[in-house]
Amino acid sequence: MARPLMKNYINGEWVESNSTTLGDVWNPAKGEKIAQVAYGTKEDVDKAVRAAQQAFWEWRTTPPLTRARYLFRLKEAFEENFEPIARTLTTEQGKCIDEARGEVRRMIENIEHATGVTTLMCGYALEDIAKDIDCTGHRQPVGVFAAIVPYNFPGMVPWWFLPYALVTGNTFIVKPSEQVPMTQTHIFEIVDQIGFPEGVINMVHGSKEVVNALLDHPGIAGISFVGSTPTAKYIYRRCGETGKRVQALGGAKNIVAVMPDANLAASMPSLISSFYGCSGQRCLSGAILAPVGDVADELIEKFTAAAKAMKVGDGLNEQTAMGPVATEAHRKRVLGYIEKGIAEDAKLILDGRNYRVKDYPNGFFLGPTIFDHVKPDMAIAREEIFGPVVGIVRCKTLNDAIELINTRGFANAACLYTGSGAAAREFKYRVKPSMIGINIGIAAPMSFFPFGGAGQSMFGDIKGHGQEIFHFFTDTKVVIQRWL
Ligand code: NAD
């Protein structure tokens, strides 16, 4: 059977790229090719930028409340298509269907937050800044923005930016991950029914050529990037060179510390979800488990038992606790890290290398894996593995755990499980990462708080969503007036 080819969405129409380079899209649970995507070109990007530029002025002069009404309609349409979007997402990305549902919910929440534009886009004013002189600051849209996004959250991540850019009067281009282009294509089929003015919202599929064309194009005012740290650094540098606004969110190596006074039984489900949810392919996933003091043996025993009990399989099965990783290449990369951990003399206490799932012989599966006695300077304790591999670094004191966190380079998220308010305060006060969970294993800010880390996990100062995003997508124009 012919596999569907993902098309670009430019100027309100579905258009094929003239590219001859086609990529395969996989169902990672089955290990089967299910679609194709053309790796777009500079010409595709130019077409999309021109359409977005042409649409800008009329959209920009449309009242904010009218712009918000498009988003209200979009929210309703997404609610009606909620389950089909989640199923497309799991089919191409592999994550469990319940997590996919959570992702679609978070996508919709960004639309809901953005509709507060008439409050959140307001400027400010002060009379009499000097004798008979008044001053006002107005937030104005800037032009055409683009989002370049990763493979692990193919539904939600573009919507950390897109609704805010649109509602503030900018026009937009999304470049989905070439590994998982079907979810955003499904989403844009719904966008197409809403009747946005042509060119206001566009999508170009592809890989590096599309990214570079967006970075080079003088018609692009700013870039919102989410992906790995090396790519984030590249995007940040190139936007500096070409004079674009930029927010570039990178990779992570998150540490979850557990104090002796933590309630282990109550914490176990969220600990397991932190490390193994989405097969460890979340930027907020726990990567290092750091037991503090004498909780270590009991914690490790309980955590290992819970990890062993997890059902690994097709994410579309409601009983599955962990799906496959997204590609065979990524599975091999994670396997390479397990070999590295063994070579570094960490103690492999749960081995997921040869995990088999009945009836899915070709799926990209890995079983839950745990290394004990990991040392802070080992590669498996420093580098982002992005898979279901847990490294346990035993710490003597809370101070050791904080030191461990603050010497990682990555500074995305950190979590502490404890019954002590004093320990929690010290932890959240001193650690460098900027998304903190206290008795929470996935410290994911909701749409009305900013999402993003520090250090090597984030380049730029305005993060994803939250109130500050209204600044990223607007320029504050100051008007000083005297009427004689
Ligand atoms: P990636 O950096 O490989 O790709 C991200 C995007 O950049 C894709 O659209 C891809 O086409 C493009 N790209 C990749 N290499 C490029 C290059 N050399 N030149 C130009 N463009 C390039 O990331 P990924 O593997 O898709 O996603 C996983 C990574 O994303 C992990 O590191 C994860 O921690 C990170 N992530 C971070 C956050 C966050 O909030 N900080 C959220 C989700 C994912």
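Note that ligands are numbered from 1 as they come in the structure, with each ligand's atoms numbered from 1 the same way.
For Y9 and F188, the gap between ring centers is short of 6.0 Å. A centroid separation of 6.0 Å or more is found between the aromatic rings of W159 and F153. Between F472 and F145, the distance separating the two ring centers is shorter than 6.0 angstrom.
With ligand atoms numbered from 1 in the order given, ligand 1 contributes 32 (O), 34 (O) to contacts under 4.0 Å with heavy atoms of G251. Near I148, with a cut-off below 4.0 Å to any heavy atom, the atoms of ligand 1 are 6 (C), 7 (O), 9 (O). Against a heavy-atom cut-off of under 4.0 Å, F451 is close to the following atoms of ligand 1: 40 (O). Set against the non-hydrogen atoms of N152, the atoms of ligand 1 under 4.0 Å away are 43 (C), 44 (C).
By the criterion of a heavy-atom distance under 4.0 Å, neither the backbone nor the side chain of Q281 is placed next to ligand 1. Contacts between W160 and ligand 1 below 4.0 angstrom, taking non-hydrogen atoms only, involve the side chain exclusively. Only the side chain of E178 comes within 4.0 Å of ligand 1, counting heavy atoms alone; its backbone N, CA, C and O stay farther away. Contact annotation for F153 and ligand 1: no heavy atom of the residue comes within less than 4.0 Å of the ligand. Only the backbone of V149 comes within 4.0 Å of ligand 1, counting heavy atoms alone; no side-chain atom from C-beta on gets that close.
Evaluated by nearest non-hydrogen atom to atom 23 (O) of ligand 1, the leading choice among G453, S228, S207 is S228. Nearest-heavy-atom check against atom 20 (C) of ligand 1 across V157, V211, V210 picks out V211.
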Please report the C-alpha distance between R394 and D372 in whole Å, then the side-chain angles of each, then the deciding distance to 0.1 Å, and finally whether the salt bridge (charged side-chain N to carboxylate O under 4.0 Å, His left out) criterion is met. CA-CA 8 Å; R394 294 169 180 241; D372 196 0; 2.8 Å; yes

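For atom 18 (N) of ligand 1, the closest non-hydrogen atom on the protein side is K208 CE, 3.5 Å. From the protein, the heavy atom lying nearest to atom 37 (C) of ligand 1 is G250 O, 3.0 Å. Ranking the protein heavy atoms by distance from atom 27 (O) of ligand 1 puts P150 CB, 3.2 Å first. Scanning the protein for heavy atoms near atom 22 (C) of ligand 1, the closest one is T231 CG2, 3.4 Å. The closest protein non-hydrogen atom to atom 26 (O) of ligand 1 is Y151 N, 3.1 Å.
Between E384 and ligand 1, at least one pair of N/O atoms sits closer than 3.5 Å. When only interatomic distances are considered, the shortest N/O to N/O separation between K175 and ligand 1 falls below 3.5 Å. Where the criterion is an N or O separation shorter than 3.5 Å, residue side chain and backbone included, L249 fails it with respect to ligand 1. Considering backbone and side-chain atoms alike, S177 places every N or O at 3.5 Å or more from each N or O of ligand 1.
Among residue pairs with one or both ends in residues 428-457, those qualifying as ring-ring contact (aromatic ring centres under 6.0 Å, His included) are W160-F451, F451-H465; sequence neighbours excluded.
Within 4.0 Å of atom 13 (N) of ligand 1, at least one protein heavy atom is present.
Looking only at side-chain heavy atoms (C-beta outward), R331 and L366 come within less than 4.5 Å of each other. Counting only heavy atoms from C-beta outward, the side chains of P28 and Q93 never approach each other to under 4.5 Å.
Q467 CD: 12 or fewer foreign heavy atoms inside a 6.0 Å radius.
When the ring pair (Phe, Tyr, Trp, His ring centres under 6.0 Å) test is applied to F275, the partners found at least two apart in sequence or on another chain are F303.
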